[in-house]
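Take a look at the structure set out below.
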Number of protein chains: 2
Amino acid sequence: MKFESQPSYSLGQRTPASREVAAGENGGNVTLVSQSALGAINRGRVLQALYDNGPKSRADLARLAGVNRTTITGIVQPMIEDQLLVEGDASPSDVKGGKPARPLYFNPDAPMLGAVLLLPGTIQTCLVALTGEIKAVTKAEFDTHGDTEAFIAVMTETLTATLSQAQQAPFGIGVASAGMIDSDNGTILTVNLAPVLTGLPLVAILQERFSLPVVIDHHPRALLVGDRWFGPGRGQQNFAAVYTGEVLGGAFFIDGKVYRGLAGSGGELGHSVVQIDGALCNCGKHGCWETVAALPWLRKEAARLSFPHPKSVTCARLVKEADEGSKAAEELLDRYTRNVAFGIVNLQQTLSLNSYVLHGDVAGGGMKAAELIRQHVEQLVVKRPGQEISITVNGIGEGHTALRGAAGLVLSSHLKLVI
Amino acid sequence: MKFESQPSYSLGQRTPASREVAAGENGGNVTLVSQSALGAINRGRVLQALYDNGPKSRADLARLAGVNRTTITGIVQPMIEDQLLVEGDASPSDVKGGKPARPLYFNPDAPMLGAVLLLPGTIQTCLVALTGEIKAVTKAEFDTHGDTEAFIAVMTETLTATLSQAQQAPFGIGVASAGMIDSDNGTILTVNLAPVLTGLPLVAILQERFSLPVVIDHHPRALLVGDRWFGPGRGQQNFAAVYTGEVLGGAFFIDGKVYRGLAGSGGELGHSVVQIDGALCNCGKHGCWETVAALPWLRKEAARLSFPHPKSVTCARLVKEADEGSKAAEELLDRYTRNVAFGIVNLQQTLSLNSYVLHGDVAGGGMKAAELIRQHVEQLVVKRPGQEISITVNGIGEGHTALRGAAGLVLSSHLKLVI
DNA sequence: TAAGTTTGTGCGAGGTACAAACTAACTGCT
DNA sequence: AGCAGTTAGTTTGTACCTCGCACAAACTTA
C-alpha cells in the first residue's frame, strides 16, 4: 500500500502569515508517559492531596485518590523513611469501631524553600516553611544600571546569608522577578527599570553557585502560585490572580495547573480593551483596561474631583474615608471598583474560572473593596444557574505574598503534576 | 506527634460568598494515574501523533515521542492486527543507508465516525471518515414544541438511516447541539428555540439504542474540535475558534486539550465588554462585544449608511462589493473587521494563543476578511518579540464543519489524551 | 468475651516501558 | 562480488507500578 505524501490537511484557507507559524510548531510536542514518570507523578499527587487537605491517614488518602490502600502505603513509606512525612498519633476514628487511623503530614522539620523577590533596585530573600511561615529575611539593594558581576555578587551574598540559616539544604530556590521572564529557559528577558538584568541567565547562575534546583517566573505568576500553595487559592483547581496598582496584570490556575501560555506570555490583561477608542494608554493604544482601573486613573479622578493630596490616593484610603462618611470617597470607590470589575467580567466570560484573588492596590481595600467588586461583577456578568463568583483579597504586605509565591514555584516544579 | 486539626489556611481574607464555594469544591478531585490507564494514554498519543503528522514509521514515531522503538512496536502491532492501522510500502529512507522504513497510517477501510448536528427544528446526521470525508448525510426536521417521544423517534430514524450505510460499526457517535449543553452528563440543558429538547439525556438515549459510545457538546466547541481534527487547527496545540453571526461565541484549545471550563461554561465571549456603558445588548448589559461585531450591528450600520437591502448584508457581500470598487462597502468592512478584531485582541492579551480560526459570517468573507482582521489585531495588540498571530477562516458551508466537529468529539474522547 | 469493623502490610499477578542483543535490508567503498 | 557501516524492526529479559487477596493489629459494641 502506498500513502499520499501528506494527509489531507487544509480544509480551510490560511492567510500567508499563519502558514509559517503552523509549520513551525507542527508535531514536535508529542510525549508519551514513561513508567518511571508515572511513579513520580503519583507521588507528587499524593503529596499535593496531603498538602491541600491537611493531615490524612493512608486509608483516607486512598479513598480520596480512588486507589488501593496498598498503593498509598507503597508511596508514603519511603517518604516517612526520608523524614519528609511523619506519622501522627492514632486519632480515634470518627466512624464507630475499627483500628484508629494514623494521620500523616509533613514533618515540621522538613527542608524549607528558598525564595527570592527581585524588583528594580532591591533583592529580598527568605526561607519559607511548608506551612508558609517566613524566616531569615534578608534584603539588599543593587545598582540598576551597574555591572552584571556586581549584581551577581550582591545576589549571591544575600542568598547565602539567608540559606546559611537553614538547618538543612532547602528543596530548591524560587525566584519571582519583575519584568519579562522566560521561565522555560530560566532567563530574565528585560526589566524596564533595571537594565543590568537584561538577558541574565539567573537560573543557570544560581544553580551552579548553590547546587540546588532553581526556578524563576514573573511577579504576577508568583502571586498566583503563592495563593495556590499558601493563600486563598489553596486546594482550588481553577482561579485567577489579578494584580492592580501602577499597572494591571493577572495569572491563571486552570484545571489544576498554572497557565503559562506560549513563551510564558499569558495574562497581560492590562492591555485588553474595555473602551474602544477610549483614553490613550501608555502602550500607545486606546481604551485599555489599565486606563480606567489602575492607580494613575484613580489619581487623575481624585485630582479632578478636588480630593486633598490626590497623588497619594489609594483604595485603602478611599475605603477608610468612605467608612468615615465621605460621600465623595464612596462614589469614587464605587466607580473604581466598577472599573476593576469590568476586567474580571471579561475574564469570567472567557474562562469561567469563578474565583478571583486580588492583589496590589485593591487588595489594600480589604473585604469591603472585594465585596464591592463582587457586586459589580455579579451585575455585569451573564450568570449561569448555580454559578457563584468568589472575589478574595490577599493583602499580606511587604511582598510576603510574592516571596511565598517564589517558594511556591519550587513546590509546583518539585511536585510536577503535569504529564 | 499531634497535628493541628486544620492546616494554616486563610492567609488572606474572604468575602462570605467565596468561603462556601471553596468549601464545596475542596479536595475531591485528586486522582492518581493507574498503570492500565497509562497504556491507554500512550496508545492514544501515538495515534494522535500519527494522525497529526501523517504516515510515519515506527522509528520516526519513537523519535517524535522520545520513547524506545520497542515501545512503539508494542503499541502499534495490536492495532495493525485489528486492522486499524496498515503498513505501507517500504519507502527508501531519506538518509543514506539502512533498512528502509515502513510507514504506518490509518486503514482507509477503518471504521468511520457517526456525527449528528442538532439545530432548532433540524437534524443532520452523517458518517465521517478519518480523512474528514463526509458520507451518508441524512436530514430531517422535528417539531420544536412537540412531543419528546416524537423527537426521539425522528432522531433514531435519521441516525439509523445514516448508520446503516456504514460498512462496519463506527467508533462512536458525536453530537453537536445548539443551546446550553452539559457535556459531562450528556444532557441538553436548554435550547432557546426548541423547548422539546430541554433536559433531554440524549447521550444515554442514543447509547442505549445504538450500543455505541456517544458524546455531546455545544456548537462552538464542536467547531473547535472540527478544526483540530479536520481543519486548520490540525496538529496545533493552542488555538481558538471564534464564531460570529447573529451571536458571538468561542472555544479554546489550550495546551493540547479542549478547554471546557467549570460546568462547560467557558468561551461566552459575546458578552465580554469592549465598550463600558456602550450600546444596550440583548443580554441586558451594555457594551458587549456582540453589540458591535455581530450581524445585527452590521445590518444597523448598513441601514444607517443607506446600503441597498441592509437586511441581507453579510461579510461575504461586503467583500464582494468592496472588490467591485464600492468605497462604502470597503469602509464598513474595515469597521466591521476592526470590531471583530477587538474581541480577538482581548483573547490574545489574556491567553496568548496566537492562532485563531474564524467561523460563521466573517468566515464567509474568506481570506480577505481574515487578513483585514489580522491587520487590525496586529495593530491593537501589545506584541512580544517573535510573536506571530495567525488568523484563519474555515468557511466550509452547510454545517459541514460542525458535522466534522461532532465526529471530532468522538475522536477526542476515544483517544482520551487527558489524564 | 465474642463479633464486627477499620487500618495497615506482605505477596503474587498482570501490565507497561526500557535496555541489550539480534536479524533484516539497504548503501557505499574496495 | 564482498565487506563494513547504518538504520529498521523484533525478541528476550528486567525493573517498576498498581491491584486484589489474605492477614495481623487495634478498636467498638453487645
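Predicted, not measured: the structure shown is a model, and the values here were computed from it. Proteins come first, then strands; the chains are lettered A, B, ... in the order of their sequence lines, and each starts at number 1.
Look at NZ on Lys56(B): it is 18 Å from C1' on dG9(D), rounded to the nearest Å. Asp89(A) has its CG atom 13 Å from the P atom of dG8(C), to the nearest Å. Distance Ile75(B) CD1 to dA17(C) C1': 9 Å, rounded to the nearest Å. Put simply, CZ on Arg63(A) is 9 Å from P on dG8(C), counting in whole angstrom units. Between the CZ atom of Arg69(B) and the P atom of dT23(C) there is a distance of 15 Å, given to the nearest Å. Atom CZ in Arg45(A) sits roughly 16 Å away from atom P in dC17(D) (whole-Å rounding). Counting to the nearest Å, the P atom of dT6(C) and the CZ atom of Arg102(A) are 18 Å from each other. Atom C1' of nucleotide dT16(C) and atom CD of Gln77(B) are separated by 17 Å, given to the nearest angstrom.
Partners of Asp109(A) according to the side chain to side chain contact (heavy atoms under 4.5 Å, CB included) rule, which considers only residues two or more places apart in sequence or in another chain, are Asn107(A).
A salt bridge is defined here as a Lys NZ or Arg NE, NH1 or NH2 lying under 4.0 Å from an Asp or Glu carboxylate O, and Asp184(A) with Arg260(A) fails to meet this definition.
Residue-level contact check: Arg58(A) touches the backbone only, with heavy atoms under 4.0 Å from sugar-phosphate atoms and none from bases.
Comparing dC26(C), dT18(D), dC19(D) by their closest approach to the side chain of Pro100(B) singles out dC26(C). Set against dG9(D), dG8(C), dC19(D), the side chain of Thr73(B) has dG9(D) as its closest nucleotide. Checking dC19(D), dT7(C), dC18(C) against every side-chain atom of Thr71(A), the shortest atom distance belongs to dC19(D). You'll find that the side chain of Asn42(A) is closest to dT18(D), out of dC19(D), dG8(C), dT18(D). Comparing dC17(D), dT9(C), dT7(C) by their closest approach to the side chain of Arg43(A) singles out dC17(D). The Thr70(B) side chain lies nearest to dA20(C) when the options are dA20(C), dT7(C), dG9(D).
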Residue pair Leu130(B), Tyr105(B): steps toward the side chain to side chain contact (heavy atoms under 4.5 Å, CB included) verdict: CA-CA 11 Å; Leu130(B) 292 178; Tyr105(B) 205 56; over 6 Å; no

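In DNA chain C, stems built from 3 or more consecutive Watson-Crick or G-U wobble pairs, each with both distances under 3.5 Å, span C:1-30 with D:1-30.
Side-chain N or O atoms of Asn238(A) include one that pairs as donor or acceptor with a backbone N or O of Asp255(A) at under 3.5 Å. Of the possible donor and acceptor atoms, none in the side chain of Arg234(B) sits under 3.5 Å from a partner among the backbone N and O of Asp52(B).
One finds a side-chain N or O of Asn68(A) lying less than 4.0 angstrom from the OP1 or OP2 phosphate oxygen of dG20(D).
Between Phe253(A) and Phe239(A), the angle of the ring planes lies from 30° to 60°, which puts this pair in the tilted group.
Side-chain contact check for Asn185(A) and Thr187(A): no donor-acceptor pair (N or O, by modelled atom type) lies under 3.5 Å.
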